[in-house]
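Heads up: numbering here begins at 1 and tracks the sequence.
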Amino acid sequence: MASALRTLDPELLALAKTECNEEQSQREAIVATLQVWITKSPHLKAPTDEQLILAFLRRCRYSQEETKRRFDNYYSLRSVFPEVLGSRQVDEALLTQLQRGVHVIPARPVSPQGPRVIISPFRQIDPKKSNPREAFKLVFILLELLALECDNASISGLIWVVDARDVTMEQMMQYDPFLLKKAFALVDQCLPLRFVEIHMINMRREGQTIFNFVTKFLPSKLPFKFVVHKKSEDLYEHIPREAMTIEYGGTNGYQAEALDYWRQRLLDNKDYLARDAQYGTNEKLRVGLASAWSNGELNGMSGSFRKLELD
């Protein structure tokens with residue numbers, strides 16, 4: 001049977017080798033080995049999609065043991081993070097969230113072999129109609145679809161631009177530290193894609209207090225470059241302006257075009273995402289050590305910004 005794995009252009013092929021330890025002659029056999037491991041793991045119910053497994057392999061630089069751990073984490077975390085990873089129905093609520101422009105993925109990567117960009121203007125989260133959990137749910141769905149269809153994302157990674165312009169205190173107060181800790185665990189230990197840079201632009205001065213509070217729950221050493229810019233123009237010292245949408249002064253298409261594209265991709269993958277509900281882990285059937293999540297590594301933190309006394 002012919003492989004479903006995409007052929008890479010020569011430049012991306014070379015980058016896959018240097019960045020991910022990928023050998024074209026071996027990748028199909030290694031993916032097949034992991035497909036067998038998934039089907040023979042009694043505790044694990046997960047898809048065996050070749051392109052998804054390949055993204056996990058690239059994320060782990062082709063360490064099969066690390067790939068198994070990350071893949072297992074991705075599906076075992078669902079039981080303790082259902083508000084973000086559960087119920088991935090492509091319904092009107094999800095499509096409405098997308099159309100608000102909470103997350104925008106422009107058409108082109110930073111360069112032909114460069115990372116993909118995600119732009120998140122968080123002012124679009126309406127605190128009366130939505131909440132950060134729904135915004136996180138949408139972005140992690142989009143990231144899985146990127147892992148399936150975009151070799152730039154799985155080889156060169158992601159750059160996330162968070163736009164805090166006009167974000168209200170009411171919106172910021174919805175970000176409780178426990179939600180952020182779980183989202184960070186998902187990014188750091190589970191996702192098949194890696195963030196190489198996160199840039200926060202247009203942060204309001206009064207938002208710094210909340211921002212400083214929430215980030216103190218993250219590790220002091222982050223696995224990606226994290227930069228808060230005083231001026232949005234400073235962003236372009238790190239990424240080319242052309243990588244951003246026209247609304248940000250770039251040439252990477254209009255936001256509306258990107259949203260239309262991803263709306264169609266969500267609709268095209270409606271059945272794939274609906275099947276996702278059956279996936280996860282049964283810890284009673286796990287052979288060996290319990291997962292980190294069932295051991296309660298994410299417990300012991302609660303609270304909300306609403307309890308803070310701000311100066």
Side-chain angles (χ1 to χ4, degrees), residues 41 43-47 52-53 55-61 63 65-88 102-103 118 120 122 131-147 153-154 157-160 162 172 174-200 210-226 276-277 279-283 286 288-305:
S41 297
H43 70 287
L44 180 61
K45 187 165 187 181
L52 183 64
I53 293 171
F56 274 98
L57 278 166
R58 287 169 172 168
R59 175 65 179 83
C60 301
R61 305 194 82 241
S63 163
E65 288 309 306
E66 175 62 20
T67 301
K68 290 176 182 178
R69 186 191 69 80
R70 181 170 288 270
F71 191 91
D72 192 307
N73 283 348
Y74 190 56
Y75 288 96
S76 63
L77 186 60
R78 290 166 190 238
S79 62
V80 294
F81 208 7
E83 65 270 37
V84 166
L85 294 176
S87 184
R88 292 175 137 189
V102 175
H103 304 295
I118 307 168
S120 297
F122 276 5
N131 62 63
R133 286 167 177 79
E134 292 172 11
F136 275 129
K137 174 183 281 193
L138 173 62
V139 78
F140 287 125
I141 288 173
L142 295 175
L143 291 180
E144 183 166 327
L145 296 184
L146 262 184
S154 60
L158 305 164
I159 294 175
W160 196 4
V162 179
M172 292 195 74
Q174 290 187 306
Y175 285 83
D176 69 83
F178 195 34
L179 170 66
L180 200 71
K181 186 179 182 185
K182 286 197 283 188
F184 176 78
L186 178 53
V187 167
D188 186 42
Q189 301 180 47
C190 309
L191 273 189
L193 301 177
R194 69 188 167 96
F195 284 90
V196 290
E197 299 177 18
I198 296 181
H199 297 271
M200 182 166 282
I210 289 179
F211 176 77
N212 291 337
F213 173 76
V214 82
T215 53
K216 78 177 184 180
F217 290 93
L218 297 179
S220 56
K221 188 174 181 181
L222 296 170
F224 43 75
K225 181 162 75 174
F226 185 81
D276 198 78
Y279 299 137
T281 57
N282 182 342
E283 295 303 322
R286 182 185 291 274
L289 296 173
S291 74
W293 323 125
S294 62
N295 282 335
E297 287 189 10
L298 289 178
N299 294 336
M301 187 190 298
S302 60
S304 163
F305 293 145

Describe, in one word, how the ring planes of Phe140 and Phe136 are oriented to each other, choosing from parallel (under 30°), tilted (30 to 60°) and perpendicular (over 60°).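 If you compare the ring of Phe140 with that of Phe136, the planes turn out parallel.
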Ring-plane angle category for Tyr75 and Tyr279, please: parallel below 30°, perpendicular beyond 60°, tilted otherwise.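 Plane angle over 60°, so perpendicular.
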Is there side-chain contact between [X] and [Y], with heavy atoms separated by less than 4.5 Å?
X	Y	answer
Arg78	Thr281	no
Ile118	Leu142	no
Lys182	Val84	no
Ile159	His199	yes
Glu283	Ser76	yes

Can you name the nearest heavy-atom pair linking [X] to [Y], along with the distance?
X	Y	value
Arg59	Asp188	NH2-O, 3.9 Å
His103	Ser120	ND1-OG, 2.7 Å
Thr67	Cys60	OG1-CB, 3.4 Å

If you count heavy atoms of other groups shown closer than 6.0 angstrom to NZ of Lys68, is the number above 12?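 Atom NZ in Lys68 is packed in, count exceeds 12.
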Output all residues satisfying salt bridge (charged side-chain N to carboxylate O under 4.0 Å, His left out) with Lys225, sequence neighbours left out; order by chain, then residue number.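 Here the qualifying residues are Glu197.
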Taking salt bridge (charged side-chain N to carboxylate O under 4.0 Å, His left out) as the definition, give me every residue that meets it alongside Arg70, ordered by chain and number, with sequence neighbours left out.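 Arg70 satisfies salt bridge (charged side-chain N to carboxylate O under 4.0 Å, His left out) with no residue once adjacent residues are dropped.
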Measure the [atom1]-[atom2] distance between [X] and [Y] for me, rounded to the nearest 0.5 Å.
X	Y	atom1	atom2	result
Leu138	Arg133	CG	CZ	16.0 Å
Asp72	Arg286	CG	CZ	4.0 Å
Phe195	Phe184	CZ	CZ	11.0 Å
Glu65	Arg69	CD	CZ	11.0 Å
Ser63	Phe56	OG	CZ	13.5 Å
Phe71	Leu57	CZ	CG	10.0 Å

Between Ile141 and Asp276, does a side chain to side chain contact (heavy atoms under 4.5 Å, CB included) hold up when you go through it step by step? CA-CA 11 Å; Ile141 288 173; Asp276 198 78; over 6 Å; no
Can you list the residues that meet the side-chain hydrogen bond (donor to acceptor under 3.5 Å, both in side chains) rule with Arg58, with sequence neighbours excluded?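 Scan of Arg58 (side-chain hydrogen bond (donor to acceptor under 3.5 Å, both in side chains), adjacent residues dropped) gives Glu22, Asp151, Ser154.
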Under 3.5 Å, is there a donor-acceptor pair between the side chain of Asn73 and the main chain of Gln189?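 Present.
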